[in-house]
There are 2 protein chains.
Amino acid sequence: MSEEKAKEWSARQKFARFLEEHKKRKTPERFVILEKIFSSQAHVGVDTLYKQLLADGYRVSRATVYNTLDLLVEAGLVRRVTLGDGMTRYERVSGSMNHHHLICTRCGKVKEVKAVSTVAELLPKKPRSFEPAYYTLYIYGMCSSCARREQMMRTGIAEKSK
Amino acid sequence: MSEEKAKEWSARQKFARFLEEHKKRKTPERFVILEKIFSSQAHVGVDTLYKQLLADGYRVSRATVYNTLDLLVEAGLVRRVTLGDGMTRYERVSGSMNHHHLICTRCGKVKEVKAVSTVAELLPKKPRSFEPAYYTLYIYGMCSSCARREQMMRTGIAEKSK
DNA sequence: TTTACTGCAAATATTTTGCAATATC
DNA sequence: GATATTGCAAAATATTTGCAGTAAA
């Protein structure tokens with residue numbers, strides 16, 4: 001946990017530097033939101049985040065949450081995760097250990113697997129006029145339970161059309 | 001172009017088979033929407049698609065467009081592309097040549113680069129209980145124009161704080 | 001003191017849903 | 001003919017915006 005704390009701490013510093021460099025103000029709300037995101041490994045939606053903050057006794061508005069998340073994304077500390085249900089989620093960009101998302105196109109269930117690839121590996125020829133920072137990889141397919149169901153359905157039809 | 005036609009044609013067949021297998025009806029609307037997506041290489045939003053269809057003289061509703069797109073995704077013919085602005089886009093899953101998306105975290109501009117990796121390459125150990133079909137890879141970073149602007153800003157601040 | 005930022009509420013934008021009419025099987 | 005699917009409009013969600021008050025610099 002001490003390593004976690006260290007990571008959060010350096011994220012704080014990075015954010016502070018980012019705000020300074022962009023002549024933006026270091027408001028308490030911004031750092032509270034940063035902390036909240038970095039205190040979890042998972043990806044959270046705006047509404048969840050907002051309600052958590054309220055539950056923790058903070059008095060922030062949704063607008064500020066949206067606002068701050070944009071800044072955190074711009075600062076490269078946080079990443080948007082869009083899983084296809086109409087809701088944007090956010091997760092911290094962990095310095096080292098990344099993960100991919102496996103999404104079932106049938107039931108929408110999301111599974112995460114450890115990533116092994118770096119951006120450089122994915123882009124053999126680094127494109128000119130673009131400096132990559134991080135990535136999100138969504139792999140779509142079918143989870144085993146849906147595949148099973150699918151199989152049964154096909155078989156059922158095959159029998160019927162006999 | 002004849003190759004394109006052939007691709008669209010086989011997509012039609014695949015979709016027809018999919019509909020049959022799932023006991024769904026082969027309505028004209030469904031095939032018109034399929035054609036519209038396959039007639040373009042780019043990713044289109046629902047609203048754009050809807051308006052194009054109207055402009056072409058078809059009388060379809062937004063609900064049907066959403067509905068059909070879900071089916072096309074389920075059939076594995078079309079892929080959802082979510083770039084972080086709150087709007088889902090769709091593009092055809094081209095059999096062979098894929099592409100990655102480079103997204104500028106500053107200005108949101110999207111560039112596409114040819115993909116070289118297959119799903120298998122990205123997932124060395126195929127996860128049990130999941131059958132991958134296709135993927136979308138979003139690489140975030142900064143485009144050259146934003147990077148330049150950023151550089152100027154930093155320099156400007158450095159001078160000021162002297 | 002200046003003005004960027006906040007909370008609040010209203011406005012937009014996007015997607016889903018209910019239902020009667022229609023067209024596929 | 002039975003019923004899945006459609007168009008339409010209203011509802012549900014998600015996000016953005018305008019504005020007056022507050023607080024960071």
Point to revise | Donor-acceptor pair between A:Glu91 and A:His99 side chains, under 3.5 angstrom | key: yes
Rounded to whole angstroms, how far apart are [atom1] on [X] and [atom2] on [N]?
X	N	atom1	atom2	answer
B:Ile33	D:dT5	CD1	P	13 Å
B:Leu53	D:dG7	CG	P	10 Å
A:Tyr50	D:dT13	OH	C1'	15 Å
B:Leu69	C:dT14	CG	P	15 Å
A:Glu29	D:dA24	CD	C1'	11 Å
B:Lys51	C:dT14	NZ	C1'	12 Å
A:Lys23	C:dT2	NZ	C1'	14 Å
A:Asn67	C:dC8	CG	C1'	14 Å

Check your understanding: Can you list every pair that meets ring pair (Phe, Tyr, Trp, His ring centres under 6.0 Å) and has a residue in residues 42-73 of chain B, with sequence neighbours left out?
Key -> B:His43-B:His101
Check your understanding: Closest heavy-atom contact between B:His100 and B:Ala115?
Key -> CE1-CB, 3.3 Å
Exercise for review: Identify the heavy atoms of B:Pro127 and A:Leu102 that sit nearest to each other, and give their distance.
Suggested key: CG-CD1, 3.6 Å
Review point. Hey, is the side chain of A:Arg30 poking within less than 4.0 Å of OP1 or OP2 on D:dA24, counting only N and O atoms?
Key: no
Exercise for review: Quick one: which residue pairs count as a salt bridge (charged side-chain N to carboxylate O under 4.0 Å, His left out) with a foot in residues 61-72 of chain A, not counting sequence neighbours?
Suggested key: A:Asp47-A:Arg62, A:Asp70-A:Arg80
Point to revise | nucleotides 19-25 of chain C: protein proximity per nucleotide (B base, S sugar-phosphate only, - neither; heavy atom, under 4.0 Å) | key: ----BBS
For nucleotides 14-17 of chain D, which of its nitrogen or oxygen atoms have a protein nitrogen or oxygen under 3.5 Å away, and what is each distance?
{"residue": "D:dT15", "atom": "OP1", "partner": "A:Thr88", "partner atom": "N", "Å": "3.2"}
{"residue": "D:dT15", "atom": "OP1", "partner": "A:Thr88", "partner atom": "OG1", "Å": "2.9"}
{"residue": "D:dT15", "atom": "OP2", "partner": "A:Tyr66", "partner atom": "OH", "Å": "2.8"}
{"residue": "D:dT15", "atom": "O5'", "partner": "A:Tyr66", "partner atom": "OH", "Å": "3.3"}

List, one per line, each side-chain donor-acceptor pair under 3.5 Å for residues 129-141 of chain B, sequence neighbours excluded.
{"residue": "B:Ser129", "atom": "OG", "partner": "A:Lys111", "partner atom": "NZ", "Å": "2.9"}
{"residue": "B:Tyr135", "atom": "OH", "partner": "B:Ser117", "partner atom": "O", "Å": "2.8"}
{"residue": "B:Tyr138", "atom": "OH", "partner": "B:Thr82", "partner atom": "N", "Å": "3.0"}

Review point. Between B:Val46 and B:Thr88, is any pair of side-chain heavy atoms under 4.5 Å apart?
Key: no
Review point. Is there side-chain contact between B:Ile33 and B:Tyr90, with at least one heavy-atom pair below 4.5 Å?
Key: no
Study note, to complete from the structure: Excluding A:Met87, membership of its hydrophobic cluster (Ile, Leu, Val, Met, Phe, Trp, Tyr; side-chain heavy atoms within less than 4.5 Å) reads none
